[in-house]
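Sequential numbering from 1 along the given sequence is applied to the chain's residues.
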Amino acid sequence: MASLLRNLVRPGQRCLCLHQRVTVQALNSKNFSKAAESSATTSDQKLGISDSCLKRLKEICADGSFLRITVEGGGCSGFQYKFDLDTKMNEDDLQFGKDDAKVVIDNVSLEYCNGATVDYHTELIRSGFRMLANPKAEQGCSCGSSFAIKLD
């Protein structure tokens, strides 16, 4: 059963389905571009961007748009990630990446995923943006879009 769940859960996440917890091995950091990880206003605010995310953003953001990430209450674990394409910057937005592949997140949302990595993943049945290796997330469901906050 554990090996079956390992195939369903993304690396760095825990699965709470079927009343079992299975921790999947952490992501291999060499898959992500260190150049894409940037600092916004202070060194303790960072968001990594994978090479596949940068590539996809360059393809779909040629019109000057960018990927906006928002963390909202909801989902099956308490919080959920929301990914949208946007063209309007807000006052409290922080920018990561480069102008042709930009990720924007507001200060409040960054508090819930500071240190995580934004990725673009393609499977046979779906493709999309996802958040990986969120150090602020304690657990999540197999869908990968919801998570619970780690209480320190």
Side-chain angles (χ1 to χ4, degrees), residues 5-6 8-17 21-61 64-123 126-152:
L5 288 175
R6 250 186 222 100
L8 297 174
V9 180
R10 292 186 178 97
Q13 292 181 327
R14 288 184 182 172
C15 178
L16 297 179
C17 52
R21 285 189 176 180
V22 177
T23 303
V24 182
Q25 73 182 35
L27 288 171
N28 186 345
S29 61
K30 72 180 181 181
N31 295 330
F32 300 104
S33 168
K34 292 186 183 206
E37 188 176 295
S38 60
S39 175
T41 55
T42 63
S43 60
D44 63 332
Q45 295 176 321
K46 62 183 179 176
L47 193 64
I49 304 172
S50 73
D51 291 336
S52 63
C53 181
L54 286 173
K55 180 181 175 190
R56 183 64 178 145
L57 287 175
K58 287 178 183 180
E59 294 170 356
I60 64 175
C61 293
S65 59
F66 51 81
L67 179 67
R68 175 175 295 284
I69 300 173
T70 311
V71 175
E72 300 176 336
C76 54
S77 296
F79 292 92
Q80 60 188 358
Y81 303 110
K82 184 178 174 189
F83 300 96
D84 291 308
L85 291 179
D86 197 355
T87 56
K88 182 183 174 196
M89 292 283 289
N90 297 324
E91 231 176 75
D92 65 338
D93 285 340
L94 300 171
Q95 176 181 320
F96 297 89
K98 301 174 184 178
D99 285 333
D100 59 344
K102 189 169 28 176
V103 175
V104 172
I105 187 168
D106 63 274
N107 281 321
V108 175
S109 295
L110 184 59
E111 289 181 30
Y112 294 100
C113 55
N114 189 19
T117 300
V118 185
D119 184 43
Y120 185 78
H121 184 70
T122 303
E123 298 175 6
R126 73 181 131 204
S127 61
F129 295 99
R130 64 183 181 174
M131 196 68 76
L132 299 176
N134 184 351
K136 304 286 186 175
E138 181 174 56
Q139 58 192 16
C141 66
S142 62
C143 68
S145 64
S146 68
F147 65 100
I149 294 296
K150 215 181 260 189
L151 299 175
D152 294 327

Practice task
Determine, for Arg130 against Asp119, whether the closest basic-nitrogen to carboxylate-oxygen distance falls under 4.0 angstrom.
Solution key: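 Yes, Arg130 and Asp119 are salt-bridged.
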
Problem - Among Thr87, Asp86, Asp106, side chain to side chain donor-acceptor pair (under 3.5 Å) partner for Arg68 - result: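 Testing Arg68 for a side chain to side chain donor-acceptor pair (under 3.5 Å) against Thr87, Asp86, Asp106 leaves exactly one candidate, Asp86.
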
Practice task
List the steps, then state whether side chain to side chain contact (heavy atoms under 4.5 Å, CB included) holds for Glu123 with Arg126.
Solution key: CA-CA 5 Å; Glu123 298 175 6; Arg126 73 181 131 204; 3.4 Å; yes

Where [X] and [Y] come nearest, the two heavy atoms and their spacing:
X      : Y      : answer
Met131 : Val118 : SD-CG2, 4.0 Å
Asn107 : Gln45  : OD1-NE2, 4.0 Å
Gly115 : Pro135 : C-CD, 3.7 Å
Arg56  : Phe129 : CG-CZ, 4.0 Å

Practice task
Could you give me the CA-CA distance, side-chain angles and deciding distance for Ser50 and Tyr120, then say whether side chain to side chain donor-acceptor pair (under 3.5 Å) is met?
Solution key: CA-CA 7 Å; Ser50 73; Tyr120 185 78; over 6 Å; no

Practice task
Please identify each residue that fulfils ring pair (Phe, Tyr, Trp, His ring centres under 6.0 Å) with Phe147, with sequence neighbours left out.
Solution key: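 Scan of Phe147 (ring pair (Phe, Tyr, Trp, His ring centres under 6.0 Å), adjacent residues dropped) gives Phe79, Tyr81.
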
Problem - Tyr112 backbone acceptor or donor facing Asn134 side chain under 3.5 Å - result: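 Checking the backbone N and O of Tyr112 against the side chain of Asn134, a donor-acceptor pair under 3.5 Å is found.
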
Exercise for the section: Show your reasoning for whether side chain to side chain contact (heavy atoms under 4.5 Å, CB included) applies to Leu57 and Lys98. Expected result: CA-CA 10 Å; Leu57 287 175; Lys98 301 174 184 178; over 6 Å; no

Exercise for the section: Side-chain contact test, heavy atoms from C-beta onward, threshold under 4.5 Å: evaluate it for Glu111 versus Val71 and give yes or no. Expected result: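 They are not in contact (no side-chain heavy atoms under 4.5 Å apart), so the answer is no.
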
Exercise for the section: Decide yes or no on side chain to side chain contact (heavy atoms under 4.5 Å, CB included) for Met89 and Val104, but give the supporting numbers first. Expected result: CA-CA 8 Å; Met89 292 283 289; Val104 172; 3.6 Å; yes

Problem - Interatomic spacing from OG in Ser77 to CD in Gln139 - rounded to 0.5 Å - result: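 These two atoms lie 6.0 Å from each other.
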
Practice task
Step by step, work out the side chain to side chain contact (heavy atoms under 4.5 Å, CB included) result for Lys136 and Lys150.
Solution key: CA-CA 5 Å; Lys136 304 286 186 175; Lys150 215 181 260 189; 5.6 Å; no

Handout entry: side chain to side chain contact (heavy atoms under 4.5 Å, CB included) partner of Ile105, the single match among Thr70, Ile69, Asp92
Key =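 Going through Thr70, Ile69, Asp92 one by one, the side chain to side chain contact (heavy atoms under 4.5 Å, CB included) with Ile105 is satisfied by Ile69 alone.
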
